[in-house]
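What follows is a set of notes on a single structure, which appears directly below.
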Amino acid sequence: MANKILTVIFIVLAIAALVLTLRFLIGGDEDTWICDKEKGEWVKHGSPYAEKPAEPCGNNFQDNNNGVALNDSVRLVSPKSGDTISSPLIVKGEARGSWYFEASFPVKILNEKEEVLAAVPAQAGGDWMTENFVPFETEISFDAKGAKTGFLVLEKDNPSGLPENSAEVRIPVNFSETETITIRAYFNNSILDPEASCNKVFPVERKVAKTQAVARVALEELLKGPASVEKKCGFATSINPGVKINSLTIENGVARVDFDGEMERAVGGSCRVSAIRAQITETLKQFSTVNSVIMSVNGRTEDILQP
């Protein structure tokens with residue numbers, strides 16, 4: 001009888017040891033990492049033996065838009081990794097509030113050499129002062145310049161400039177054959193106009209991806225200023241760097257363009273003001289739909305760009 005009892009005890013202990021060993025090796029529901037798909041985070045359950053999973057938590061979010069989690073902070077609806085994209089491209093998804101600063105973060109398109117083809121801010125579609133996910137959507141126009149592959153990059157806005165605060169996610173993309181058009185941006189030129197006539201401006205040609213928003217693209221090219229080779233030919237701009245377009249509408253031959261406050265920062269002197277107005281007006285009037293131009297700054301049309 002004693003031998004039978006010992007045998008039973010031995011079997012029970014052996015089974016218990018086997019169960020513990022298997023649990024140690026493969027884990028279980030009580031001690032593991034669980035994906036909280038709503039938050040896009042891995043949550044510790046019990047005392048898991050394994051390290052926190054490195055892959056993104058949850059491949060899908062908001063089932064109705066079939067988004068993909070790129071990391072713990074960014075989820076992308078479109079485009080998807082490996083997609084073939086063309087200009088203009090709609091980039092849509094959501095990011096945690098900490099990814100934004102002042103309700104935006106940079107979105108860039110790079111070629112395979114990691115040269116920047118285009119960059120725009122993605123604006124938050126809600127209150128960004130939160131740790132929750134906030135939707136974003138932006139449109140970016142680009143010229144692949146013959147590149148066949150590249151990357152879509154979503155950067156965490158990092159006003160501090162400190163490396164430890166920087167982060168980005170990128171997905172590989174393919175570029176479709178993009179049809180281009182030629183537009184003109186108008187600048188002052190010290191060689192063509194040695195007398196510095198202020199309101200006398202001259203065109204430079206730029207090839208851009210074909211788009212219906214061609215007037216806006218032309219203005220964006222103007223705001224970039226002259227390229228290095230153009231500067232060597234005497235071209236110069238009177239517009240402050242970093243100016244952004246708030247809105248542009250064209251109706252009944254009138255183009256109404258609203259700029260942010262950077263347009264009139266530290267701008268003085270009648271010659272410079274005349275040059276700015278001439279650059280913008282002539283750039284927009286190259287299009288047959290524009291006969292006149294009304295400018296504003298943050299909605300104000302009076303007392304702007306005054307000498």
Side-chain angles (χ1 to χ4, degrees), residues 67 70 73-81 83-111 113-126 128 134-145 147 150-159 161 166-176 178 180-181 183 185 206-225 227 237 239-249 257-263 280 283-284 297-298:
L70 302 180
S73 298
V74 181
R75 299 165 171 172
L76 193 61
V77 174
S78 64
K80 304 291 196 310
S81 178
D83 276 359
T84 297
I85 64 173
S86 59
S87 179
L89 173 70
I90 300 295
V91 181
K92 182 178 180 181
E94 58 184 24
R96 291 193 184 278
S98 56
W99 199 262
Y100 301 84
F101 180 72
E102 297 296 340
S104 71
F105 65 83
V107 174
K108 298 178 180 179
I109 293 181
L110 314 181
N111 61 17
K113 296 179 182 179
E114 301 204 353
E115 298 169 331
V116 178
L117 301 178
V120 297
Q123 297 292 331
W128 66 281
V134 182
F136 66 82
E137 182 173 342
T138 190
E139 179 178 305
I140 183 167
S141 298
F142 64 93
D143 180 0
K145 299 178 181 178
F151 303 93
L152 171 67
V153 180
L154 287 74
E155 290 186 359
K156 179 182 180 183
D157 204 322
N158 179 19
S166 65
E168 68 173 32
V169 294
R170 61 174 60 194
I171 65 169
V173 292
N174 301 303
F175 298 124
S176 65
T178 304
T180 62
I181 56 174
I183 56 92
R206 303 274 174 85
K207 284 188 178 295
V208 297
K210 187 174 182 179
T211 175
Q212 291 184 340
V214 63
R216 186 182 183 100
V217 170
L219 266 188
E220 289 171 347
E221 290 296 317
L222 173 67
L223 296 180
K224 290 177 183 177
T237 184
I239 300 173
N240 285 330
V243 173
K244 293 182 174 58
I245 304 170
N246 291 331
S247 64
L248 171 63
T249 61
V257 56
D258 185 56
F259 298 99
D260 69 357
E262 192 65 20
M263 172 59 78
I280 296 168
T283 296
L284 287 172
V297 175
N298 289 331

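Throughout, residue positions are numbered sequentially from 1 according to the sequence presented.
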*Give the minimum heavy-atom separation between Met263 and Asn240, together with the two atoms involved.*
O-ND2, 3.7 Å

*Taking the six-membered ring for Trp, are Trp99 and Phe105 parallel (under 30°), tilted (30 to 60°) or perpendicular (over 60°)?*
perpendicular

*asked:* To the nearest 0.5 Å, what is the distance between CD1 on Ile85 and CD1 on Ile171?
replied: 8.0 Å

*Would you mind reporting whether Val120 and Val91 have side-chain heavy atoms less than 4.5 Å apart?*
no

*Closest approach of Ala122 to Phe136 (non-hydrogen atoms, all atoms of both residues)*: CB-CD1, 4.1 Å

*Partners of Glu221 by salt bridge (Lys or Arg N to Asp or Glu O under 4.0 Å), sequence neighbours excluded?*
Arg206, Lys224

_Note, Asp157 side chain near Ser104 side chain (heavy atom, < 4.5 Å)_ = yes

*asked:* Which residues pass the ring-ring contact (aromatic ring centres under 6.0 Å, His included) test with Phe151, not counting sequence neighbours?
replied: none

*Beyond-backbone contact of Val297 with Asn246, side-chain heavy atoms, under 4.5 angstrom*: no

*Hey, is the main chain of Val134 close enough, under 3.5 Å, to the side chain of Tyr100 for a donor-acceptor pair?*
yes

_Nearest 0.5 angstrom please: Glu262 CD to Asn298 CG, how far?_
11.0 Å

*Over all heavy atoms of both residues, which pair between Leu284 and Leu219 is shortest? Give the atoms and the distance, please.*
CD2-CG, 3.8 Å

*Tell me, do Arg216 and Ile245 make a side-chain contact under 4.5 Å, heavy atoms counted?*
yes

*asked:* Applying side chain to side chain contact (heavy atoms under 4.5 Å, CB included) to Leu152 and Val107, what does each step give before you reach the verdict?
replied: CA-CA 7 Å; Leu152 171 67; Val107 174; 3.7 Å; yes

*asked:* What's the separation between atom CD1 in Ile90 and atom CD1 in Ile140, rounded to the nearest 0.5 Å?
replied: 10.5 Å

*asked:* So Pro79 and Leu89, do their side chains get closer than 4.5 Å, heavy atoms only?
replied: yes

*Hey, could you give me the OG/CG distance between Ser81 and Asn174, rounded to the nearest 0.5 Å?*
9.0 Å

*Judged by atom type as modelled, is there a donor-acceptor pair below 3.5 Å linking the side chain of Asn111 to the main-chain atoms of Lys113?*
yes

*Would you check if Leu223 and Thr237 make a side-chain contact, meaning some heavy-atom pair closer than 4.5 Å?*
no

*Over all atoms of both residues, closest heavy-atom pair of Phe142 and Ala118*: CB-CB, 3.7 Å

*With the side chain counted from C-beta on, respond yes when Phe259 and Ile280 share a heavy-atom pair under 4.5 Å apart, and no when they do not.*
yes

_Pairing residues for Glu137 by the side chain to side chain donor-acceptor pair (under 3.5 Å) criterion, not counting sequence neighbours_ = none

*Would you give the length of the straight line joining atom OG of Ser247 to atom CG of Asp260, rounded to the nearest 0.5 angstrom?*
11.0 Å

*Glu155 and Lys108 ion-paired at < 4.0 Å*: yes

*Residue pair Asn158, Phe101: steps toward the side chain to side chain contact (heavy atoms under 4.5 Å, CB included) verdict*: CA-CA 7 Å; Asn158 179 19; Phe101 180 72; over 6 Å; no

*asked:* Using modelled atom types and a 3.5 Å cut-off, is there a donor and acceptor pairing between side-chain atoms of Thr138 and backbone atoms of Pro121?
replied: yes

*Starting from the C-alpha separation in whole Å, work towards a yes-or-no answer on side chain to side chain contact (heavy atoms under 4.5 Å, CB included) for Leu110 and Arg170.*
CA-CA 10 Å; Leu110 314 181; Arg170 61 174 60 194; 3.9 Å; yes

*asked:* Please find the pair of heavy atoms, one from Ser98 and one from Lys156, that lie closest to each other, and give the distance.
replied: O-CE, 3.3 Å

*OG1/Thr283 to CG/Leu222 distance, rounded to the nearest 0.5 angstrom?*
4.0 Å

*Does a side-chain heavy-atom distance below 4.5 Å link Val208 with Asp143?*
no

